[in-house]
Amino acid sequence: QVQLVESGVGLVQAGGSLRLSCAASGRTISNLGMAWFRQAPGKEREFVAAVDWRGGIIPSVGSVKGRFTISTDNAKNPVYLQMNNLKPEDTAVYYCAADLWGTGQRVPSAYEYWGQGTQVTVSS
């Protein structure tokens with residue numbers, strides 16, 4: 001079993017920056033894949049970024065590309081999400097997830113463990 005807990009300040013103005021953290025417990029996660037997803041009200045859960053079992057980065061795509069960056073160390077604990085130049089449309093619940101196969105895929109179904117999520121609100 002893996003327990004994941006996200007943390008980070010939840011309210012920021014547009015143009016600001018925010019760093020989220022994901023702390024894992026329960027087992028060694030250095031050989032797992034770790035990812036950040038987000039889900040806005042009424043929308044599907046969306047891939048943000050991931051790191052695979054070797055530490056390779058699977059970068060953000062779409063609207064967050066170039067603004068959001070995932071980082072961690074060899075232990076992959078904690079895993080960070082640095083978010084810059086935030087926009088109101090980035091408002092969502094952000095989730096940390098762990099993938100036992102370590103592939104770091106961009107689909108939620110690839111991840112077996114999830115944190116409870118942390119609300120990020122960007123005001124205009």
Side-chain angles (χ1 to χ4, degrees):
Q1 291 291 323
V2 177
Q3 292 80 44
L4 304 172
V5 178
E6 303 95 339
S7 61
V9 176
L11 179 62
V12 64
Q13 288 188 331
S17 297
L18 185 62
R19 189 177 78 163
L20 303 180
S21 298
C22 172
S25 61
R27 60 161 283 177
T28 300
I29 64 167
S30 59
N31 59 340
L32 304 187
M34 300 293 294
W36 288 97
F37 286 81
R38 70 181 185 180
Q39 189 166 19
K43 295 187 177 182
E44 294 185 352
R45 195 160 294 190
E46 176 187 22
F47 174 83
V48 176
V51 55
D52 66 20
W53 69 275
R54 298 169 298 177
I57 300 295
I58 293 85
S60 304
V61 296
S63 64
V64 303
K65 185 177 181 181
R67 298 189 296 123
F68 290 12
T69 304
I70 190 171
S71 64
T72 188
D73 58 15
N74 288 337
K76 295 201 190 75
N77 196 9
V79 176
Y80 300 103
L81 181 66
Q82 179 67 41
M83 303 184 291
N84 298 326
N85 189 24
L86 282 158
K87 304 176 181 181
E89 52 264 41
D90 294 320
T91 295
V93 177
Y94 284 72
Y95 296 92
C96 177
D99 158 30
L100 292 178
W101 293 98
T103 58
Q105 294 186 54
R106 291 191 168 104
V107 292
S109 60
Y111 295 82
E112 291 82 9
Y113 299 101
W114 292 84
Q116 80 287 355
T118 186
Q119 176 70 45
V120 172
T121 301
V122 183
S123 62
S124 58

Next item on the list: Specify the closest pair of heavy atoms between Ser30 and Thr28, including all atoms of both residues, with the distance to one decimal.
Entry: OG-CG2, 3.4 Å

Item checked: Contact summary for Glu6 and Gln116, nearest pair of heavy atoms -> OE1-OE1, 3.0 Å

Notebook entry, point to check: Same cluster for Val5 and Val2 if Ile/Leu/Val/Met/Phe/Trp/Tyr side chains link at under 4.5 Å?
Noted result: no

If I take atom [atom1] from residue [X] and atom [atom2] from residue [Y], how far apart are they, to the nearest 0.5 angstrom?
X	Y	atom1	atom2	result
Gln13	Leu86	CD	CG	11.5 Å
Arg106	Glu46	CZ	CD	11.5 Å
Leu4	Ile29	CG	CD1	7.0 Å

Residue pair [X] / [Y], side-chain heavy-atom distance below 4.5 Å:
X	Y	answer
Gln3	Tyr113	no
Arg67	Met83	no
Val48	Leu81	yes

Check: How would you list all residue pairs meeting ring-ring contact (aromatic ring centres under 6.0 Å, His included) that involve residues 48-82, not counting sequence neighbours?
Finding: none

Next item on the list: Name all pairs fulfilling the ring-ring contact (aromatic ring centres under 6.0 Å, His included) condition that reach into residues 30-49, sequence neighbours left out, sorted by first residue then second.
Entry: Phe37-Phe47, Phe37-Tyr111, Phe37-Trp114

Item checked: Derivation of the side chain to side chain contact (heavy atoms under 4.5 Å, CB included) call for Ile58 and Asp52 -> CA-CA 7 Å; Ile58 293 85; Asp52 66 20; 3.9 Å; yes

Next item on the list: With sequence neighbours excluded, give me every disulfide (SG to SG under 2.5 Å) pair touching residues 33-69.
Entry: none

Notebook entry, point to check: Does the side chain to side chain contact (heavy atoms under 4.5 Å, CB included) test come out yes or no for Arg27 and Leu32, once each step is laid out?
Noted result: CA-CA 10 Å; Arg27 60 161 283 177; Leu32 304 187; 3.7 Å; yes

Side chains of residues 14-22: which donor-acceptor pairs under 3.5 Å do they make with residues two or more places apart or in other chains?
residue: Ser17; atom: OG; partner: Asn84; partner atom: OD1; Å: 3.0

Checklist line | Residue pairs, two or more places apart or on separate chains, that pass salt bridge (charged side-chain N to carboxylate O under 4.0 Å, His left out) and touch residues 109-124 | finding: none

Atom pairs and distances, donor-acceptor, side-chain atoms in residues 91-104, under 3.5 Å, two or more places apart:
residue: Thr91; atom: OG1; partner: Pro88; partner atom: O; Å: 2.9
residue: Thr91; atom: OG1; partner: Val122; partner atom: N; Å: 2.9
residue: Tyr94; atom: OH; partner: Arg38; partner atom: NH1; Å: 3.0
residue: Tyr94; atom: OH; partner: Asp90; partner atom: O; Å: 2.6
residue: Asp99; atom: OD1; partner: Trp101; partner atom: N; Å: 2.9
residue: Asp99; atom: OD1; partner: Gly102; partner atom: N; Å: 3.4
residue: Asp99; atom: OD2; partner: Gly102; partner atom: N; Å: 3.2
residue: Asp99; atom: OD2; partner: Thr103; partner atom: N; Å: 2.6
residue: Asp99; atom: OD2; partner: Thr103; partner atom: OG1; Å: 2.9
residue: Asp99; atom: OD2; partner: Gly104; partner atom: N; Å: 3.2
residue: Thr103; atom: OG1; partner: Gln105; partner atom: NE2; Å: 3.3

